[in-house]
Amino acid sequence: LPTALRAEPPARFRAAEDVKMLAHNGLHFVLACLGHLGGRRLFCELREDAEALEFGRRLLRQEVVPALLAKHGDAVDRNELLNYCDSIMRRVTCPVLRDSISRGVRGVLRKLAPSERLVYSVRTVAEQGIEPLAFATSLAAAIEIAREGGETEMGFDEVLTVTCGFDAANDAQLLALIRQQRNHLG
């Protein structure tokens with residue numbers, strides 16, 4: 001099709017897709033992994049875990065917001081985005097919803113596909129020149145959860161390449177970061 005006839009979504013729509021993927025889906029999955037590792041049953045129980053809440057806030061404030069602003073520029077309003085991040089943190093941990101951690105980590109291996117929330121987020125943040133430390137930590141945790149839960153018999157590095165789609169040569173820095181964060185899981 002000629003360029004003038006191509007149906008391309010407006011910049012604001014593309015930005016909204018990334019906000020949903022990184023801030024909403026990303027935070028939900030990251031907190032699910034933390035909750036699972038911490039033996040929590042419900043997301044609302046994370047409200048009592050200052051370390052998990054701080055981890056989620058750092059994810060949003062130091063990785064998600066700067067990456068979205070860098071990638072989408074004028075299509076995203078900084079204050080609107082910061083307010084959304086505060087709101088989504090409250091919503092994900094809302095006691096009224098009684099959302100289970102097990103639902104959050106269900107099908108964890110499927111959620112490690114290249115186009116899914118965690119791998120996409122790690123790459124998107126890194127592509128903006130920001131170290132995806134919290135996302136990398138969560139990716140390492142998710143792989144361990146999948147392995148411990150019997151979703152895969154692959155080794156850690158095999159999941160990174162086969163399931164997540166990382167390439168040893170092209171993604172060497174990201175792979176090193178993810179492996180390093182695996183060592184911090186305790």
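Computed over heavy atoms, backbone and side chain alike; hydrogens, waters and symmetry mates excluded.
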Between the side chain of [X] and the main-chain N/O of [Y], is any donor-acceptor distance below 3.5 Å?
{"X": "Lys111", "Y": "Gly104", "answer": "yes"}
{"X": "Thr124", "Y": "Tyr120", "answer": "yes"}
{"X": "Thr163", "Y": "Leu160", "answer": "no"}
{"X": "Glu151", "Y": "Val108", "answer": "yes"}
{"X": "Glu63", "Y": "Ala134", "answer": "yes"}

Out of curiosity, [X] [atom1] to [Y] [atom2], how far, rounded to the nearest 0.5 Å?
{"X": "His72", "Y": "Asp77", "atom1": "NE2", "atom2": "CG", "value": "14.5 Å"}
{"X": "Arg14", "Y": "Lys71", "atom1": "CZ", "atom2": "NZ", "value": "9.5 Å"}
{"X": "Leu118", "Y": "Cys164", "atom1": "CG", "atom2": "SG", "value": "8.0 Å"}
{"X": "Leu139", "Y": "Ile178", "atom1": "CG", "atom2": "CD1", "value": "4.5 Å"}
{"X": "Thr93", "Y": "Leu53", "atom1": "OG1", "atom2": "CG", "value": "6.5 Å"}
{"X": "Glu144", "Y": "Arg182", "atom1": "CD", "atom2": "CZ", "value": "4.5 Å"}

In the single-linkage hydrophobic clustering (I, L, V, M, F, W, Y; side-chain heavy atoms under 4.5 Å), do [X] and [Y] co-cluster?
{"X": "Leu177", "Y": "Phe156", "value": "no"}
{"X": "Leu133", "Y": "Leu112", "value": "no"}
{"X": "Leu68", "Y": "Ile88", "value": "yes"}
{"X": "Leu42", "Y": "Leu46", "value": "no"}
{"X": "Phe166", "Y": "Val159", "value": "yes"}

Do [X] and [Y] touch side chain to side chain, with heavy atoms closer than 4.5 Å?
{"X": "Leu97", "Y": "Cys44", "result": "no"}
{"X": "Phe55", "Y": "Glu51", "result": "no"}
{"X": "Asp157", "Y": "Leu175", "result": "no"}
{"X": "Asp167", "Y": "Thr161", "result": "no"}
{"X": "Pro132", "Y": "Leu174", "result": "yes"}
{"X": "Leu27", "Y": "Leu60", "result": "yes"}

What pair of heavy atoms forms the shortest contact from [X] to [Y], and how long is it?
{"X": "Val76", "Y": "Leu69", "answer": "O-CD2, 3.9 Å"}
{"X": "Phe135", "Y": "Gly26", "answer": "CE2-CA, 4.1 Å"}
{"X": "Arg61", "Y": "Pro66", "answer": "O-CD, 3.3 Å"}
{"X": "Ala136", "Y": "Val122", "answer": "N-CG2, 4.1 Å"}
{"X": "Arg47", "Y": "Pro95", "answer": "CZ-CD, 3.7 Å"}
{"X": "Ile101", "Y": "Ala32", "answer": "CG2-O, 3.4 Å"}

For atom [atom1] of [X], decide whether the heavy atoms of other residues, nucleotides or ligands shown that lie under 6.0 angstrom number more than 12.
{"X": "Arg78", "atom1": "CZ", "answer": "no"}
{"X": "Asn170", "atom1": "CG", "answer": "yes"}
{"X": "Gln173", "atom1": "CD", "answer": "no"}

Apply side chain to side chain contact (heavy atoms under 4.5 Å, CB included) to Val125 and Leu22, showing your working. CA-CA 9 Å; Val125 170; Leu22 275 71; 4.1 Å; yes

Counterpart residues, ring pair (Phe, Tyr, Trp, His ring centres under 6.0 Å), relative to Phe29 (two or more places apart):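 Not a single residue meets the ring pair (Phe, Tyr, Trp, His ring centres under 6.0 Å) criterion with Phe29.
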
Any salt bridge between Glu80 and Arg12, counting N to O under 4.0 Å?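 Salt bridge between Glu80 and Arg12, a charged N being under 4.0 Å from a carboxylate O: yes.
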
Answer yes or no: is there an ion pair linking Asp86 with Arg91, defined by an N-O contact shorter than 4.0 Å?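 Result for this pair is no, no salt bridge flagged.
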
Side chains of Arg147 and Thr152: is there a donor and an acceptor less than 3.5 Å apart?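 No - no donor-acceptor pair under 3.5 Å links their side chains.
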
Which residue pairs pass the salt bridge (charged side-chain N to carboxylate O under 4.0 Å, His left out) test when at least one of the two sits in residues 93-108, sequence neighbours left out?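 Residue pairs passing salt bridge (charged side-chain N to carboxylate O under 4.0 Å, His left out), neighbours aside: Asp99-Arg103.
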
Is the gap between the ring centers of Tyr84 and His24 under 6.0 Å?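 For Tyr84 and His24, the ring centres are not under 6.0 Å apart.
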
